[in-house]
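Scroll down for the structure; my scribbles are underneath it.
Indexing begins at 1, ligand by ligand and atom by atom, following the structure's order. Nothing here was measured: the structure is a model prediction, and the numbers come from that model.
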Amino acid sequence: MSDNDTLEIMLKGIGASSGICIGKAYLVDKEGVNVVKKYSITEADLENEKNRFKTAVKKATDELHAIIEETPEDFQEHANILEIHLVLLRDKMLYGKALETIEKEWVNAEWALKKVVSKLQGMFKNMSEVYLRERAADIVHVSDHIMRNLVGAEHANIKDIDKRVILVADDLSPAETSQIQLEQIMGFVTDLGGATSHTGIIARTLEIPAVLGLDNATETISNDDVIIVDGTTGEVVIHPDEETLVKFVERRIKYEAHRAAIVRGGYLPANTADGITLQIMGNIGLPEEVVSVKNYGGDGIGLYRTEFQYLGHSRFPTEEQLFDKYRDVAEVMAPKPVTIRTLDINGDKAVARHSDPTEKNPALGLRGIRYCLKKTEVFKTQLRAILRAAAFGNIRILFPMISSLDEIIEAKKMLDQAAYSLEKEDAEFDKNIGIGVMIEVPSAVIMADVIACEADFFSIGTNDLIQYTLAVDRGNRHVSHLYQPLHPAIMRMLRRVSDVARDTGVKLFMCGEMAGNPVYVPILLGLGMDELSMNPRSIPAVKRVIRSLKTGETRDFVEDVLRETTSEGIMKLVWDAYGDILSNVQLAEAERGK
Ligand code: PEP
Ligand code: MG
């Protein structure tokens, strides 16, 4: 029993980022935002009320500008989201409609805002496109911000927290997560969100334990309550008694020692027990993430997602700006390879200005290579920057969303043209770089033998390949149970690509999320992958699993897997055959897939 004789309470949510922390809860205060009263105003007060709303929006705008300015470089992705929030603050549907409601209905600004937002939310929430659904969450964050200014509630200023605490919130907005000081925040607990939500991804990137999707954490936990968060199992304990505290402290010591041992092994090569070496690479979205790939023992960069330099800015980057970033990454990693993927804009990485809001199926629309082959100037600028950076390290190029032979031929033609233009200018560059094709569209799997003639390597993008093969939106939680990497159809797809790679001599890589989950490693090894690329933090655990496996055995195992007819059956086969090895690496519940 704790000091104040309060009973211990155990909650269960989604373990989204592994690790255990014990500390005092800090409730991110949203007081005053959710309880809004309606009152009428007189005609004489209409202007005043409208001005009160305008001032609250202006204040929110200034505050967002200030946060963006203070956002460190390696949080640029968040700054980009905040820029979208800035645009939303002035959106006709929100700003214009709220003012109109005050004017027409003679109601207070808070009520007008609440009315407009719940209507917008209803409209967006049920939309099937990820992009639009995400905008619904953005609208709520933006309106909460305005509302706090209207009701004069104190801002949950996470930046000003001056003690070590565990954040408890219904949800954390990008504006809030971007202010997190790692020295102060031990963990996250939220009512909303899941493993793939923004908060989950941030928690994993920051390596902070997190349990999300608890539904009622903010009601059950009070400020300063002592809580335990186990991000591996998804457990949260409020007012732990002595016995529970001891149990979790021991669990934490074990976890940390185990994790440290795994991380230490990250520098060892990924040699199988029968002497085959795989290259284990890191995925990055920002040049600064190179450090973590190096720290975790990555053998290179298997996927450099280049879209982040394009998102959320008022204009596209210049060749010089791109070249600077690419050269930095190439130089830091040299002589290890850096795989730069050309712009994969739109689809789930849509930005309002560059996507067509009337597009019904953005994932099937003008994205990736399709966009680049249409916007040839944008593409050429990037290709020239890549070729110039190649003179400073070991760069390869990777083309996304290839769905037919002509696209890769066309892309390579443009690469040749970019090289020719640099040659004419006597610029320093290197055109002898490896050329890769992302295999992430089912037609590319079917046409792999033909596409192989144009490629040095394939990199399988399972995130999209699963989405397109199973017709399951990768970001839609209502169908997330159908998003199954071990679906027999996916196994057959992977087998087909692996057979083609072996027969044609094209190197076989994988850079989708599947590559970084130890559970899938025995199958990927058996399929003959040469390289796996992943979130840097996963590198040590994947290497450790590989070191315990024998390639010959995994090849036979793949034959058994291919005979299975259900995802569950395949998952069972994996755990029956490799459970001992897999239990040896720490996995957050959400990653375990059982
Ligand atoms: C993929 O689709 O698997 C992939 C690696 O690309 P992205 O997640 O950027 O679409
Ligand atoms: Mg993809």
With sequence neighbours excluded, what pairs up with R370 under the side chain to side chain donor-acceptor pair (under 3.5 Å) test? none

Pair R495 + E559: basic N to acidic O under 4.0 Å: yes

Would you please determine whether M438 falls within less than 4.0 Å of ligand 1 on a heavy-atom basis? yes

Is it the case that ligand 1 has an N or O less than 3.5 angstrom from some N or O of D464? yes

Show the atoms of ligand 1 that are less than 4.0 angstrom away from any heavy atom in L303. 5 (C)

Residues which pass side chain to side chain donor-acceptor pair (under 3.5 Å) with R544, listed by chain and number, not counting sequence neighbours: none

Ligand-side contact atoms (ligand 1) for residue partner R305, heavy atom cut-off under 4.0 Å: 4 (C), 5 (C), 6 (O), 7 (P), 8 (O), 9 (O)

So which N/O/S atom does E440 have closest to the Mg ion (ligand 2)? OE1

Just checking, any donor-acceptor pair under 3.5 angstrom between side chains of Q467 and D464? yes

What do the steps show when you test T339 against S459 for side chain to side chain contact (heavy atoms under 4.5 Å, CB included), and what is the final call? CA-CA 10 Å; T339 317; S459 191; over 6 Å; no

Are Y304 and Y326 close enough that their ring centres sit under 6.0 Å apart? yes

Which of the atoms of ligand 1 are close to G512, meaning less than 4.0 Å from one of its heavy atoms? 3 (O), 5 (C)

Restricting to N, O or S atoms of D464, which is nearest to the Mg ion (ligand 2)? OD2

Just let me know how R341 lines up against ligand 1, side chain, backbone, both or neither, with a heavy-atom cut-off below 4.0 Å. side chain

Got a salt bridge between D560 and R555, using NZ or NE/NH1/NH2 to carboxylate O under 4.0 Å? no

State whether the shortest distance between N or O atoms of E440 and N or O atoms of ligand 1 falls below 3.5 angstrom. yes

